[in-house]
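The structure appears below as C-alpha cells.
Numbering of ligands and ligand atoms starts at 1, following listing order.
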Amino acid sequence: MTSRPIMIAPSILAADLGRIEQEAERIKSSGAEWVHIDIMDGHFVPNISFGANMVRTLRKAMGDVTLDVHLMIEQPDRYARDFIEAGADCLNVHLEARHQVARTLATIREMGCRAGLAVNPPTLLKHAIPLFPLCDQIILMTVNPGFGGQAFMPEVLPKIREARETILRQNFNIDITVDGGIGDDTAPGCIASGANVLVAGTSLFKQDDLKQAVVKLRASASSGCASG
Ligand code: DX5
Ligand code: ZN
C-alpha cells in the first residue's frame, strides 16, 4: 500500500452531459479532489467522447479541482498543447498509442503540466518502468479502455503492487491511479495493492447523492489502507 493521500476522481463520462455546468457544481461540492476527463477518438478506442472544449468548460466551472485528462487517442503528441492550453492539470497518454512516448511525456512536462502514462490491462509493466522518471502519474487501467460501466479486472492487482514496489524502491514521486470498474467493492483491493487515486464513473454517478457517494468510496478505500 501507500502513504500517499487517497484522491477520488469522478469520471465526467458518466455524468449527465446535457447538464454539464450543474454536474460540475455537484462534483465541486462532493469533496472529490480531482475530476477525470476521458478523451476518445474512435481510433485508439472504438468510441468517441469529447475534445478540448470539454476541458475548457470544466476549467471555468471547477475552480481549483484538479483536471485529470485521459487521452485515449492516437498521436497524442499532436494534441497535447491544445489540452494543456484548455486547462489540463495532468495529461495522460497511452503507452500503446502511436507516438514517441518518452518524447511526448517530456514535452508535456516542458509545457508546465503533470505528465501521466496510462497502461492497458494486457500490457506488461516492464514496458512502462523505464519511463517512470518522466512521469508524475501512472494510470493502470482496470478495464480495457473505451467505455464506462465495465467490470473491474482483478488480474491487474499484481501489476499495481509491482508498480508501487518499484516506485518506493526507486524513490519516485508518482501517483498510481486505477481506472475502470472502481467502486466500494473494488477500491479496497486497489488501495491495499498500492494505488492512491481512484477514478470512478458509473459507481458514483448512479447514486443520487454524489457527496455521500464520495464519502462512502473514501471510507471503503481507507479500509484497504488497513489491510495493505
Ligand atoms: C474507460 C475510461 C474510464 C471510465 C471509467 O475507458 O477510461 O475513465 O470513465 O468508468 P467506470 O467507472 O464506469 O468504469
Ligand atoms: Zn479514463
Give the atom numbers and elements of ligand 1 that come within less than 4.0 Å of a heavy atom of His70. 7 (O)
Of the protein's non-hydrogen atoms, which lies at the shortest distance from atom 10 (O) of ligand 1, and what is that distance? Gly148 CA, 3.7 Å
Strictly distance-based, threshold 3.5 Å: is any side-chain N or O of Glu23 a donor or acceptor partner for the main-chain N or O of Ala15? no
Any idea which protein heavy atom is nearest atom 3 (C) of ligand 1, and the distance to it? Asp179 OD1, 2.9 Å
Nearest heavy-atom pair of Phe172 and Pro133: which atoms, and what distance? CZ-CG, 3.9 Å
Using a 4.0 Å cutoff against the non-hydrogen atoms of Pro145, which atoms of ligand 1 qualify? 6 (O)
For atom 4 (C) of ligand 1, the closest protein heavy atom turns out to be Asp38 OD2, 3.5 Å
Would Asp68 and Arg114 pass as an ion pair if we require N to O under 4.0 Å? no
Specify which N/O/S atom of Asp38 comes nearest to the Zn ion (ligand 2), by atom name. OD1
List the closest protein heavy-atom neighbour of atom 12 (O) of ligand 1: residue, atom name, distance to the nearest 0.1 Å. Gly201 N, 2.8 Å
Can you tell me the protein heavy atom closest to atom 6 (O) of ligand 1 and the distance? Gly146 N, 2.8 Å
Considering only N, O or S atoms, which atom of His70 is nearest to the Zn ion (ligand 2)? ND1
Asp77 and Thr107: side-chain donor and acceptor closer than 3.5 Å? no
Short list, please: which atoms of ligand 1 are under 4.0 Å from a heavy atom of Met141? 7 (O)
Can you list the atoms of ligand 1 that are under 4.0 Å from a heavy atom of Leu13? 9 (O)
Under 3.5 Å, is there a donor-acceptor pair between the side chain of Gln207 and the main chain of Ser203? yes
His36: numbered ligand 1 atoms lying under 4.0 Å from its heavy atoms: 8 (O)
For Met72, take its heavy atoms, then give the atoms of ligand 1 lying under 4.0 Å from any of them. 6 (O), 7 (O)
Given 3.5 Å as the limit, does a donor-acceptor pair link the side chain of Glu33 with the main chain of Ile8, or not? yes
Is a salt bridge present between Asp16 and Arg26, judged by a nitrogen-to-oxygen distance below 4.0 Å? no
Answer whether the closest heavy-atom distance between the side chains of Leu105 and Cys135 falls below 4.5 Å. yes
Any donor-acceptor pair under 3.5 Å linking the side-chain atoms of Gln150 with those of Asn144? no
Gly181 to ligand 1: N or O pair under 3.5 Å? yes
May I ask you to test the Gln212-Val214 pair for a side-chain heavy-atom distance under 4.5 Å? no
Please name the atom of Asp179, restricted to N, O or S, that is closest to the Zn ion (ligand 2). OD2
Going by the 4.0 angstrom heavy-atom rule, the piece of Thr202 near ligand 1 is both
Is ligand 1 less than 4.0 angstrom away from at least one heavy atom of Ala14? no
Would you say the side-chain atoms of Ser220 pair up with the backbone N or O of Pro188, donor to acceptor, closer than 3.5 Å? no
Any N/O of Asn144 closer than 3.5 Å to an N/O of ligand 1? no
As an exercise, identify every atom of ligand 1 less than 4.0 angstrom from a heavy atom of Ala200. 12 (O)
of all protein heavy atoms, closest to atom 11 (P) of ligand 1 is Gly149 N, 3.7 Å
Would you mind checking if Arg169 and Glu165 are paired as a salt bridge, meaning a charged N to carboxylate O distance below 4.0 Å? no
Mark yes or no for whether Asn196, through its side chain, and Ile176, through its backbone, hold a donor-acceptor pair below 3.5 Å. yes
Tell me whether Gly180 reaches ligand 1 (any heavy atom closer than 4.0 angstrom to a ligand atom). yes
Before signing off on this row, confirm whether Val199 and ligand 1 have an N or O atom pair separated by under 3.5 Å. no
Return a yes/no value for Ser11: is any of its N or O atoms, backbone included, closer than 3.5 angstrom to an N or O of ligand 1? yes
Do you see a donor-acceptor pair shorter than 3.5 Å between the side chains of His99 and His94? no
So which protein heavy atom does atom 1 (C) of ligand 1 come closest to, and at what separation? Phe147 O, 3.5 Å
